Amino acid sequence: MTSPGGPHADALAEPEARVPGHWTASLSLAASAVWVGWYGPLQVLLALQAAQLAPAGMAKESVLAWVTGAGAAVSLVANPLCGALSDRTVSRFGRRRPWALAGAVGGAAGLVVLSGADDLATMTAGWCLVQLALNATFAAVVAAVPDRVPVRQRAAVGGWLGVAQTLGVLLGTGLATLAGGVTGGYLACAVFTVTAVLPYALCARDAPLRQRPAGGVRAFVRGFRLDPRRHPDFGWAWLTRFLVNLGNSLALLYLLFYLRDALGAADPERGVLVLTAVNGALLLATVVAGGVLSDRTGARKPFVRWAGVLMAAATALLAVWQTWPGAVVAAALLGVGFGVFTSVDFALMADVLPAAADRGKDLGLVNIANSLPQVAAPALAAPLVTHVGGYPALYLTAAAIVLLGSLLVQRIRGVD
């Protein structure tokens, strides 16, 4: 880290002053734009579109797996790349805000492409554009937290980002369900994605980088190599997040099909909306409270561990209690567990970042733990459902993965 008088002092100094509520609110609203743009499609629209556009002889599940897997593969590259580029951005508007706005505009454009897709190739291209662009926004938003928020406030701000995620998922699902069909759902999500990011992109304080870091393309590429032997806490924290998110992705990927095919729901689209609302209500009740309590006690690992255990138990319920009441109970318990996990694990990751100069890039690598499960989940889920043991096999596997991830948090040494 540069010295206080160096060329990067404002941007790279460890923050000490608490951020005001209006800054947290604008950042959270920008984050909600990303989740609307992602989960309106993921929860409802892509599944409906896959059923409409599936070529003869190709199952709708395989179409959905192909499209979401391709988008997630783009996300694997886009998030750390955009984070690293924002680390090096020299602009009077700061490092993060230009990327937040440009990503939202590009994401909206991808949603418009999806709204008019009439074949599998266009659907795949549109979703890949959405993932590319919104990952730029997401990388900028999450990197703003270690840039501006002191350690003693990070879990609380992470909690509000968790609120934004929950409301974004709920609103995206609502827009996708109630906007009047697939085309209307995509367009409604596109409008919200651009509008919600404007307060942060236009008004929030973002300390500018006064001088671009030295080094050419080769040094830039080398910067993406992060040795877990040199930074073991970062490595274990990354693995914990990856496994918990992989289990969660397995649980959510076929939710619409689970309600339709396993439970025989008459209106599975509205069933997804109801379960998302139940999950969101319980998450909202715990996400900020869990973060505030973690900040006050200074503890991170116990919160992450027990949140994961609860999520694993809830996911297992979907396997052994295949009824509508069972799905509602599982959604509620998942909301409680994921609420605490969301806020506290985010603060834990911010606490173990290796270097201030690379916050965007390193958090981009962290966000691979969010996007890589979207690649792995379809590859695991499709054979589990179609060839192994149906939905019980899917949800028991998801529960085991979440449980393993929650227990590995104990390997982190530098955080309590």
Side-chain angles (χ1 to χ4, degrees), residues 24 27-28 31-32 35 39 142 145 149 151-170 233 236-252 275-318 328-352 363 366-367 369-370 373 398-412 415-416:
T24 301
L27 188 77
S28 300
S32 73
W35 295 108
Y39 273 85
V142 297
V145 176
V149 183
V151 170
R152 65 184 181 277
Q153 197 183 6
R154 281 178 185 165
V157 172
W160 286 111
L161 291 180
V163 170
Q165 177 177 341
T166 304
L167 293 179
V169 171
L170 180 58
D233 282 355
W236 287 116
W238 189 96
L239 185 59
T240 291
R241 172 169 284 210
F242 168 74
L243 290 172
V244 172
N245 278 292
L246 176 58
N248 195 53
S249 295
L250 287 170
L252 293 177
L275 293 180
T276 302
V278 170
N279 179 273
L282 272 297
L283 192 152
L284 289 173
T286 57
V287 65
V288 175
V292 170
L293 187 57
S294 174
D295 283 339
R296 288 180 178 176
T297 62
R300 308 292 195 209
K301 293 190 294 186
F303 290 91
V304 172
R305 181 175 65 250
W306 289 110
V309 169
L310 182 59
M311 290 174 64
T315 304
L317 278 181
L318 293 171
V328 173
V329 172
L333 294 178
L334 278 169
V336 174
F338 199 63
V340 176
F341 178 84
T342 296
S343 58
V344 181
D345 187 69
F346 180 83
L348 187 153
M349 294 297 322
D351 291 347
V352 299
L363 282 170
V366 168
N367 287 325
N370 299 328
I401 290 171
V402 171
L403 182 62
L404 176 61
S406 66
L407 296 178
L408 287 178
V409 75
Q410 290 303 116
R411 301 299 299 268
I412 299 171
V415 177
D416 292 334

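What you are looking at is a predicted structure, and each value in this text was computed from that prediction instead of being measured.
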Please list, chain by chain and in numerical order, all residues satisfying ring-ring contact (aromatic ring centres under 6.0 Å, His included) with F303, sequence neighbours excluded. none
Does the side chain of V402 reach to within under 4.5 Å of the side chain of L243, using non-hydrogen atoms? no
Over all heavy atoms of both residues, which pair between T276 and L170 is shortest? Give the atoms and the distance, please. CG2-CA, 4.0 Å
Minimum heavy-atom distance A307-G337, with the two atoms named: CB-O, 3.3 Å
Residues which pass side-chain hydrogen bond (donor to acceptor under 3.5 Å, both in side chains) with N279, listed by chain and number, not counting sequence neighbours: none
Shortest non-hydrogen contact from L334 toward M311: CD2-O, 3.7 Å
What is the minimum heavy-atom distance between A399 and A316, and which atoms define it? CB-N, 3.9 Å
Hey, could you give me the CG/CG distance between L403 and L408, rounded to the nearest 0.5 Å? 9.5 Å
The reported gap from CD1 in I401 to CG in L246 (rounded to nearest 0.5 angstrom) is 4.5 Å
Do N248 and L252 come close enough that some side-chain heavy atom pair is under 4.5 Å? yes
If you look only at pairs with a residue in residues 303-318, which of them pass as a side chain to side chain donor-acceptor pair (under 3.5 Å), with sequence neighbours excluded? R305-Q410
Looking at S406, is its backbone amide N or carbonyl O close enough to the side chain of T240 to form a donor-acceptor pair, meaning the two atoms are under 3.5 Å apart? no
Nearest-0.5 Å distance, OG of residue S32 to CG of residue L161: 10.0 Å
R152 atom CZ, neighbour heavy-atom count above 12 within 6.0 Å: yes
Sorted by chain and residue number, the salt bridge (charged side-chain N to carboxylate O under 4.0 Å, His left out) partners of R300 (sequence neighbours excluded) come out as D295, D351
Euclidean distance, L363 CG relative to M349 CE, rounded to 0.5 Å: 7.5 Å
Might you point out which heavy atoms bring S28 and A164 nearest each other, and give the distance in Å? O-CB, 3.0 Å
Looking at R154 and V145, would you say the former's side chain and the latter's main chain have a donor-acceptor pair under 3.5 Å? no
Would you call the rings of F341 and F338 parallel, tilted or perpendicular if under 30° counts as parallel and over 60° as perpendicular? parallel
Contacts of V163 meeting side-chain contact (heavy atoms from CB on, under 4.5 Å) (sequence neighbours excluded), chain-then-number -> W160, L167, L284, V287, V288
Using side chain to side chain contact (heavy atoms under 4.5 Å, CB included), reason through W236 and V352 one step at a time and then give a plain yes or no. CA-CA 10 Å; W236 287 116; V352 299; over 6 Å; no
How many angstroms lie between OG1 in T342 and CG in N245, if you round to the nearest 0.5 Å? 8.0 Å
Qualifying salt bridge (charged side-chain N to carboxylate O under 4.0 Å, His left out) pairs, either residue in residues 336-345, two or more places apart: R241-D345
Please name the pair of heavy atoms, one in A398 and one in L250, separated by the smallest distance, quoted to 0.1 Å. CB-CB, 3.8 Å
